[in-house]
Number of protein chains: 2
Amino acid sequence: MRATVLHAPRDIRLDTLPDPDLQDDTDAIVRVVAACVCGSDLWPYRGVNKIRKPQQIGHEFIGVVERTGTAVSGVQEGDFVIAPFLFSDNTCAHCEAGVQTSCVNGGGYDGCQAELVRVPWADGTLVAVPGDVDEALLPHLLTLSDVFPTGHHAAVSAGVTAGSTVAVVGDGAVGLSAVLAAKRLGASTVIAMSRHEPRQEVARRFGADHVVETRGKEGAEAVKEILGGIGADAVLECVGTGDSMKQAFRAVRPGGTVGYVGMPHDVELNIPVMFFTNTGLRGGVAPVRAYLDELLPDVLAGDIAPGEVFDLSLPLDRVADGYQAMDERTAIKSYLAV
Amino acid sequence: MRATVLHAPRDIRLDTLPDPDLQDDTDAIVRVVAACVCGSDLWPYRGVNKIRKPQQIGHEFIGVVERTGTAVSGVQEGDFVIAPFLFSDNTCAHCEAGVQTSCVNGGGYDGCQAELVRVPWADGTLVAVPGDVDEALLPHLLTLSDVFPTGHHAAVSAGVTAGSTVAVVGDGAVGLSAVLAAKRLGASTVIAMSRHEPRQEVARRFGADHVVETRGKEGAEAVKEILGGIGADAVLECVGTGDSMKQAFRAVRPGGTVGYVGMPHDVELNIPVMFFTNTGLRGGVAPVRAYLDELLPDVLAGDIAPGEVFDLSLPLDRVADGYQAMDERTAIKSYLAV
């Protein structure tokens with residue numbers, strides 16, 4: 001099969017590798033229909049995460065089940081499936097608590113920007129899409145493997161409910177997804193913090209009521225001005241840097257919560273300030289599987305169109321261009337047709 | 001009036017000071033009926049917080065309104081009142097959001113282990129107890145000024161609801177109050193972490209289902225063993241040291257929340273672990289005023305007896321003994337009859 005392999009920083013290639021095979025009777029092999037590039041793929045791409053040897057990459061995909069192990073009963077050959085970016089048995093105590101990312105049998109795939117993927121614990125992991133799948137739905141369905149549920153997780157973690165005021169830090173695909181998720185959960189006011197015109201446009205299409213272009217203290221003041229002098233009930237931190245976390249805590253109101261889903265790099269917290277202002281921090285790596293039962297019907301019904309985060313669509317053999325465009329911020333998120 | 005003054009570390013005296021007077025038309029003067037010593041009073045008592053000059057101390061009290069400013073209409077002379085440990089106008093945006101501890105007009109009293117206290121923003125701060133007050137209720141009512149709502153805040157911040165599994169770190173008066181609060185909110189299992197027999201006894205009276213005496217990794221393992229192999233949904237951190245916070249995060253399950261109310265001293269957080277396990281942190285200084293409408297009726301009805309945290313009752317002129325007993329951990333919490 002053809003599969004994307006990262007050889008060295010910014011050296012990414014579509015190589016020919018052996019097809020994956022069933023290894024356990026709970027496995028499935030899925031033929032990928034579409035994959036995409038995640039902001040977190042850019043950490044190793046840029047060499048921030050060390051690359052010791054060539055490694056397959058990619059963790060978001062949708063596809064069609066090609067083969068299943070003998071113990072698999074929940075999905076079968078020919079099913080169109082969504083694959084959460086981590087696999088899980090969906091039966092252990094952590095899975096039952098809705099934290100499939102901590103599944104005792106869970107883990108990551110070998111790499112999904114490829115033609116075939118072996119999915120361990122297929123029954124606990126894959127979610128079949130009922131009926132025929134309209135091609136126009138593919139980008140929206142693909143977001144369900146990671147980016148949209150991750151934005152949703154930021155909103156849920158920050159306690160967004162009907163009437164909440166929300167500020168979103170980060171205008172990447174996750175931040176934009178968080179805007180859509182917050183609106184979907186009934187937020188009364190959503191403020192997108194973005195200084196990039198094309199991203200502002202997507203944010204507005206996703207329901208952002210306001211866009212704040214300034215950052216730092218000035219940005220926080222702008223948020224407060226919109227919200228009657230106090231900060232937001234919920235701030236969704238969708239970047240993961242020290243600066244973005246600082247920005248988030250500057251923009252949250254006393255008693256509010258920062259929901260964070262950006263993988264933290266050099267983040268420091270001012271605990272005394274958090275204590276005296278009762279500002280909380282919740283979030284982490286999104287338990288996508290937990291959210292699919294709720295989110296998939298909305299996508300199938302056309303109530304939400306999370307696939308609008310894709311502004312570049314390429315065939316798999318141009319995967320390197322997909323990375324480069326995201327690295328240079330000329331694309332928000334790259335869709336790869338396989 | 002007689003008032004408690006901290007002169008130097010462990011040098012605490014009942015001095016004679018001028019009576020406080022009304023300063024603003026929103027003030028009230030309250031004659032104290034009972035006050036008490038807080039764990040946080042021990043920080044300056046022990047010299048951990050610097051003492052530059054003699055200072056009045058104490059922030060928990062109940063009493064009878066003696067005089068009110070011309071703008072006060074919510075309480076009147078003769079009312080028996082509970083005073084949250086911080087005053088607030090109860091009308092600003094933060095107060096309306098239930099975070100009276102961040103009131104734009106809020107602050108602390110001059111010192112409440114005294115015969116008289118000036119209460120700014122009396123209407124927004126004081127809560128009158130309806131009807132005649134039975135003397136037997138005094139200790140329970142006194143806990144409503146701080147310690148019981150603080151335990152309640154830990155439980156609320158950690159998201160305790162019906163069926164939650166809860167571990168409580170800290171067996172001081174706040175930790176014990178947190179046990180009672182968690183049970184009151186419907187927790188199915190409450191584990192008190194305590195190695196002191198008299199405190200274990202109070203914890204059990206307050207509804208603790210289990211007591212864990214061990215600490216560190218061993219303590220966390222004991223919690224997990226009780227809870228079917230995973231940690232607690234909610235851990236209530238009621239101490240504020242680096243060790244107690246570490247203990248809390250060791251005992252919480254993936255996806256769970258640490259509710260913290262111990263004023264943090266040298267606390268560090270392992271953010272990557274929090275991120276990958278989706279363990280959150282919420283809490284802070286308790287907005288007592290927000291909780292009184294909910295908690296006072298339960299005390300008046302005799303449904304809860306939070307005053308059992310007091311195991312030493314002294315007249316005000318023995319306040320120094322009350323501090324010493326708590327400092328040496330021979331008393332859980334000292335009640336001062338004024």
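Naming: A, B, ... by sequence-line order, numbering from 1 per chain. Scope of the values below: all heavy atoms of this structure, side chains included, with no hydrogens, waters or symmetry mates.
The environment of CD in A:E225 is sparse: at most 12 heavy-atom neighbours from other residues, nucleotides or ligands sit within 6.0 Å.
Contacts with chain A were tallied for B:T101, B:T279, B:T257, B:D233; B:T257 has the most, counting heavy-atom pairs under 4.5 Å. Taking chain B as the reference chain and counting heavy-atom pairs below 4.5 Å, the highest number among A:V285, A:L269, A:I271, A:V99 is found for A:V285. In terms of heavy-atom pairs under 4.5 angstrom with chain A, the leader among B:P254, B:G228, B:G255 is B:P254. Taking chain B as the reference chain and counting heavy-atom pairs below 4.5 Å, the highest number among A:A97, A:A93, A:P272 is found for A:A97. Taking A:C92, A:G280, A:P264 one by one and counting their heavy-atom pairs under 4.5 Å with chain B, the maximum is reached by A:P264. When each of B:G240, B:G284, B:G256 is scored by its heavy-atom pairs under 4.5 Å with chain A, the top score falls to B:G284.
Only the side chain of B:H153 comes within contact range of chain A, with at least one heavy atom under 4.5 Å from a heavy atom of that chain. Interface remark: A:V104 contributes no atoms to any contact with chain B (heavy atom separation under 4.5 Å).
Looking at heavy atoms from C-beta onward, A:Y291 lies in side-chain contact with A:V156 at the 4.5 angstrom threshold. Between A:V166 and A:L236 there is a side-chain heavy-atom pair separated by less than 4.5 Å.
Here B:S88 contributes atom OG and B:R289 contributes atom CZ; the two are 7.0 Å apart, rounded to the nearest 0.5 Å. The distance from the CG atom of B:N49 to the CD atom of B:Q55 is 8.5 Å, given to the nearest 0.5 Å.
Checking side-chain atoms of B:Q247 against main-chain N and O of B:G216 turns up a donor-acceptor pair under 3.5 Å.
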